[in-house]
Engineer: 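First the structure, then my questions, so here it is.
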Amino acid sequence: MAGLGRRGAAGAVLALVMVSATGCGDGSPNSPTPAEQAASAASAAASLAARGGDALASASAEAGRRLDEAKGGLNAKEQVSLGAVTLDRDGRATATVTARNTASAAKSFAVQVNFTDGGGNLLDVVVLMVKNVAGHGSGHGTARSNRRLHGEVRANVGTALRY
């Protein structure tokens, strides 16, 4: 997972450097040169990427801890579906999660939802618990990103455990 996040962060750094490198000063002698602008942008983007990478690493670690709570869980990825991703008023991505219980007894689900950009780069990871879904019934919940996400955001089920 971390590799996808780093690839996305590296792309953001490169894009920011390229945009900054093509910018122009105002022509005054004190204007930074394009090379100075690019260096400054690269430094700022690297700092931003590091913070974003830290946030993603933290979210991934928390997701792992939450999945560990589903002791003895069975793979239920085929029994979980996601609705369309929307951005709420705080700029966080949300997706409706539906867990279909095929067992005859009530079960709970731990569902890892991966939020990605249009290129498939991992932006955020959350784990949602859908508890006490009736036998042969469905349970619902809403996965919400840990932070504000921008641009095209998609969601997919990373892991789903029924326990």
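In this chain, residues are counted from 1 in sequence order.
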Engineer: Just so I know, are the side chains of Asp117 and Glu152 near enough to count as touching, which here means a heavy-atom distance under 4.5 Å?
Structural biologist: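 Sidechains of Glu152 and Asp117: no contact.
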Engineer: Provide the closest heavy-atom pair for Arg92 versus Arg147 in the form atom of the first, atom of the second, distance.
Structural biologist: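 It is CG-O, 3.6 Å.
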Engineer: Nearest heavy-atom pair of Phe109 and Ala76: which atoms, and what distance?
Structural biologist: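 It is CE2-CB, 3.8 Å.
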Engineer: Considering only heavy atoms from C-beta outward, does the side chain of Leu74 approach that of Leu161 to under 4.5 Å?
Structural biologist: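 Sidechains of Leu161 and Leu74: no contact.
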Engineer: Of Val80, Val125, Leu82, which meets side chain to side chain contact (heavy atoms under 4.5 Å, CB included) against Val113?
Structural biologist: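 Single pass found, and it is Leu82.
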Engineer: State, without any angle test, whether Arg100 and Ser81 hold a side-chain donor-acceptor pair at a distance under 3.5 Å.
Structural biologist: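 Absent: no donor and acceptor within the cut-off.
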Engineer: Indicate the atoms forming the closest heavy-atom contact of Asn101 with Lys107, along with that distance.
Structural biologist: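 Smallest heavy-atom distance, with atoms named: ND2-N, 3.4 Å.
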Engineer: Checking Arg162 side chain against Asn75 main chain: does a donor-acceptor pair fall under 3.5 Å?
Structural biologist: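 Checked: no pair found.
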Engineer: Assess whether side chain to side chain contact (heavy atoms under 4.5 Å, CB included) is satisfied between Lys77 and Thr159, documenting all intermediate values.
Structural biologist: CA-CA 6 Å; Lys77 194 170 179 176; Thr159 300; over 6 Å; no
Engineer: Can you tell whether the side chains of Arg144 and Asp90 come within less than 4.0 Å, N to carboxylate O?
Structural biologist: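 Salt bridge between Arg144 and Asp90, a charged N being under 4.0 Å from a carboxylate O: yes.
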Engineer: Considering residues at least two apart in sequence or located in another chain, which fulfil the salt bridge (charged side-chain N to carboxylate O under 4.0 Å, His left out) criterion with Glu78?
Structural biologist: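 In terms of salt bridge (charged side-chain N to carboxylate O under 4.0 Å, His left out), with neighbours along the sequence ignored, Glu78 is linked to no residue.
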Engineer: Identify the residue among Thr94, Val126, Leu122 that makes a side chain to side chain contact (heavy atoms under 4.5 Å, CB included) with Phe115.
Structural biologist: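 Among Thr94, Val126, Leu122, the one meeting side chain to side chain contact (heavy atoms under 4.5 Å, CB included) with Phe115 is Val126.
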Engineer: Knowing that exactly one of Thr116, Asn114, Asn146 qualifies, which makes a side-chain hydrogen bond (donor to acceptor under 3.5 Å, both in side chains) with Asp124?
Structural biologist: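 It is Asn146; the other options fail the test.
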Engineer: Counting only pairs under 3.5 Å, give me each side-chain donor-acceptor contact of residues 129-143, with atom names and distances, residues two or more places apart or in other chains.
Structural biologist:
from, atom 1, to, atom 2, distance (Å)
His140, ND1, Thr98, OG1, 3.1

Engineer: Do you know which two heavy atoms are closest between Gly83 and Ala95, and how far apart they sit?
Structural biologist: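 Heavy atoms only, the tightest pair is O-CB, 4.0 Å.
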Engineer: Say you draw a straight line from CZ of Arg154 to CG of Asn121; how long is it, rounded to the nearest 0.5 Å?
Structural biologist: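 If I round to the nearest 0.5 Å, the distance is 11.0 Å.
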